[in-house]
Q: 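Before I ask anything, here is the structure I am working with.
Keep in mind that what you see is a predicted model, and the values were worked out from it rather than measured.
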Amino acid sequence: QVQLVESGGGLVQPGGSLRLSCVASGSIFSINRMGWYRQGPGKERELVATISTSGRTNYVDSVKGRFTISRDNAKNTVYLQMNILKPEDTAVYYCYAYLRVLRFGADSDYWGQGTHVTVSS
């Protein structure tokens with residue numbers, strides 16, 4: 001019914017950049033909040049960044065000044081521009097959306113399958 005598909009992950013050297021994209025598709029009435037989580041090896045999943053419908057953003061302290069989240073409401077797409085990447089950024093990055101589907105009056109959480117980001121020399 002609803003699907004989130006991430007893209008843009010890969011292998012990059014420290015100091016490099018990557019741009020992640022996530023497209024939400026299906027029977028969507030509206031999208032409230034979108035964001036990105038990540039889970040590194042042996043670590044718990046953590047919130048990286050979120051963005052509201054009005055464009056208000058939040059970031060985990062470790063990525064402030066390096067990562068930028070944005071969204072295109074017309075395309076149901078959220079982006080994560082990652083600059084000055086560090087080895088500790090290595091993780092599986094998951095797209096998240098809090099949205100409302102057609103013919104249902106309550107918002108629900110949806111998750112993508114994840115895209116791998118590896119930062120290594």
Side-chain angles (χ1 to χ4, degrees):
Q1 195 69 29
V2 175
Q3 187 176 21
L4 304 181
V5 180
E6 303 103 330
S7 62
L11 174 64
V12 65
Q13 293 186 352
S17 298
L18 286 173
R19 186 177 189 241
L20 306 183
S21 299
C22 173
V23 180
S25 61
S27 302
I28 300 171
F29 176 75
S30 63
I31 301 178
N32 186 341
R33 183 177 300 276
M34 303 187 78
W36 294 90
Y37 286 73
R38 68 184 181 186
Q39 186 168 18
K43 300 179 180 179
E44 295 184 355
R45 186 175 299 189
E46 69 171 349
L47 177 66
V48 178
T50 62
I51 184 168
S52 70
T53 55
S54 64
R56 181 168 181 161
T57 59
N58 290 99
Y59 300 91
V60 66
D61 287 343
S62 60
V63 308
K64 288 182 178 178
R66 301 188 298 118
F67 290 12
T68 302
I69 188 171
S70 61
R71 64 188 291 173
D72 186 333
N73 292 331
K75 298 180 179 179
N76 289 339
T77 301
V78 63
Y79 306 93
L80 186 67
Q81 179 66 47
M82 305 184 295
N83 298 324
I84 319 175
L85 283 162
K86 303 176 181 180
E88 50 262 46
D89 295 319
T90 296
V92 178
Y93 285 72
Y94 297 91
C95 178
Y96 160 80
Y98 186 59
L99 57 81
R100 180 172 298 181
V101 299
L102 294 173
R103 298 181 177 87
F104 191 69
D107 294 347
S108 299
D109 294 334
Y110 291 88
W111 296 85
Q113 294 297 308
T115 185
H116 291 258
V117 172
T118 302
V119 185
S120 176
S121 299

Q: Report yes or no: do F104 and I28 belong to one cluster of Ile/Leu/Val/Met/Phe/Trp/Tyr joined by side chain heavy-atom distances under 4.5 Å?
A: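 Hydrophobic grouping puts F104 with I28.
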Q: What pair of heavy atoms forms the shortest contact from R66 to L85, and how long is it?
A: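 Shortest heavy-atom contact: NH1-CA, 3.8 Å.
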Q: Supply the atom-to-atom distance L99 CG to N76 CG, rounded to the nearest 0.5 angstrom.
A: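 Going from CG on L99 over to CG on N76, the span is 8.5 Å.
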Q: Share the residues that join I84 in a hydrophobic cluster, the rule being Ile, Leu, Val, Met, Phe, Trp or Tyr side chains under 4.5 Å apart at the heavy-atom level.
A: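 Same cluster as I84: nobody, lone residue.
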Q: Sequence neighbours left out, what passes salt bridge (charged side-chain N to carboxylate O under 4.0 Å, His left out) with D109? Give chain and number order.
A: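 Salt bridge (charged side-chain N to carboxylate O under 4.0 Å, His left out) check on D109 returns nothing, list empty.
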Q: Using side chain to side chain contact (heavy atoms under 4.5 Å, CB included) as the criterion, list what pairs up with R56, not counting sequence neighbours.
A: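 Applying side chain to side chain contact (heavy atoms under 4.5 Å, CB included) to R56 gives S52, S54.
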Q: How would you list all residue pairs meeting ring pair (Phe, Tyr, Trp, His ring centres under 6.0 Å) that involve residues 35-55, not counting sequence neighbours?
A: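 Residue pairs passing ring pair (Phe, Tyr, Trp, His ring centres under 6.0 Å), neighbours aside: Y37-Y96, Y37-W111.
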Q: Given side chains that start at C-beta, do those of V60 and L47 come closer than 4.5 Å, heavy atoms only?
A: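 A side-chain contact is absent here, since even the closest heavy-atom pair is not under 4.5 Å.
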Q: With D107, which residues qualify under side-chain hydrogen bond (donor to acceptor under 3.5 Å, both in side chains), at least two apart?
A: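 D107: side-chain hydrogen bond (donor to acceptor under 3.5 Å, both in side chains) contacts with R100.
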Q: Applying side chain to side chain contact (heavy atoms under 4.5 Å, CB included), can you list everything that pairs with L102, at least two apart in sequence or on another chain?
A: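 L102: side chain to side chain contact (heavy atoms under 4.5 Å, CB included) contacts with S27, F29.
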Q: Please determine whether residues V119 and Y94 belong to a single hydrophobic cluster, defined as Ile, Leu, Val, Met, Phe, Trp and Tyr linked transitively by side-chain heavy-atom distances below 4.5 Å.
A: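 V119 does not cluster with Y94.
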Q: Distance from N32 atom CG to Y98 atom OH, nearest 0.5 Å?
A: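 Here the rounded value is 6.5 Å.
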Q: Taking salt bridge (charged side-chain N to carboxylate O under 4.0 Å, His left out) as the definition, give me every residue that meets it alongside K64, ordered by chain and number, with sequence neighbours left out.
A: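 For K64, the residues satisfying salt bridge (charged side-chain N to carboxylate O under 4.0 Å, His left out) (neighbours in sequence not counted) are D61.
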Q: Under the ring pair (Phe, Tyr, Trp, His ring centres under 6.0 Å) definition, can you give me all pairs with a residue in residues 43-80, not counting sequence neighbours?
A: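 For residues 43-80, and leaving out neighbouring residues, there are no ring pair (Phe, Tyr, Trp, His ring centres under 6.0 Å) pairs at all.
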Q: List the atom pairs, donor and acceptor, that lie under 3.5 Å between side-chain atoms in residues 6-25 and the rest of the protein, sequence neighbours left out.
A:
residue, atom, partner, partner atom, Å
E6, OE1, Q113, N, 3.1
E6, OE1, G114, N, 3.0
E6, OE2, C95, N, 2.8
E6, OE2, G114, N, 3.1
S17, OG, N83, OD1, 2.9

Q: Between R71 and T53, what is the shortest heavy-atom contact and its length?
A: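 Residues R71 and T53, closest heavy atoms: NH1-N, 3.4 Å.
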Q: Please name all residues satisfying salt bridge (charged side-chain N to carboxylate O under 4.0 Å, His left out) with R38, sequence neighbours left out, ordered by chain then number.
A: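 In terms of salt bridge (charged side-chain N to carboxylate O under 4.0 Å, His left out), with neighbours along the sequence ignored, R38 is linked to E46, D89.
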Q: Measure the CD1-CD1 distance between I51 and I31 for me, rounded to the nearest 0.5 Å.
A: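 The CD1 atom of I51 sits 12.0 Å away from the CD1 atom of I31.
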Q: For D72, check salt bridge (charged side-chain N to carboxylate O under 4.0 Å, His left out) against everything at least two apart and list the hits.
A: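 Per chain and number, D72 pairs via salt bridge (charged side-chain N to carboxylate O under 4.0 Å, His left out) with no residue.
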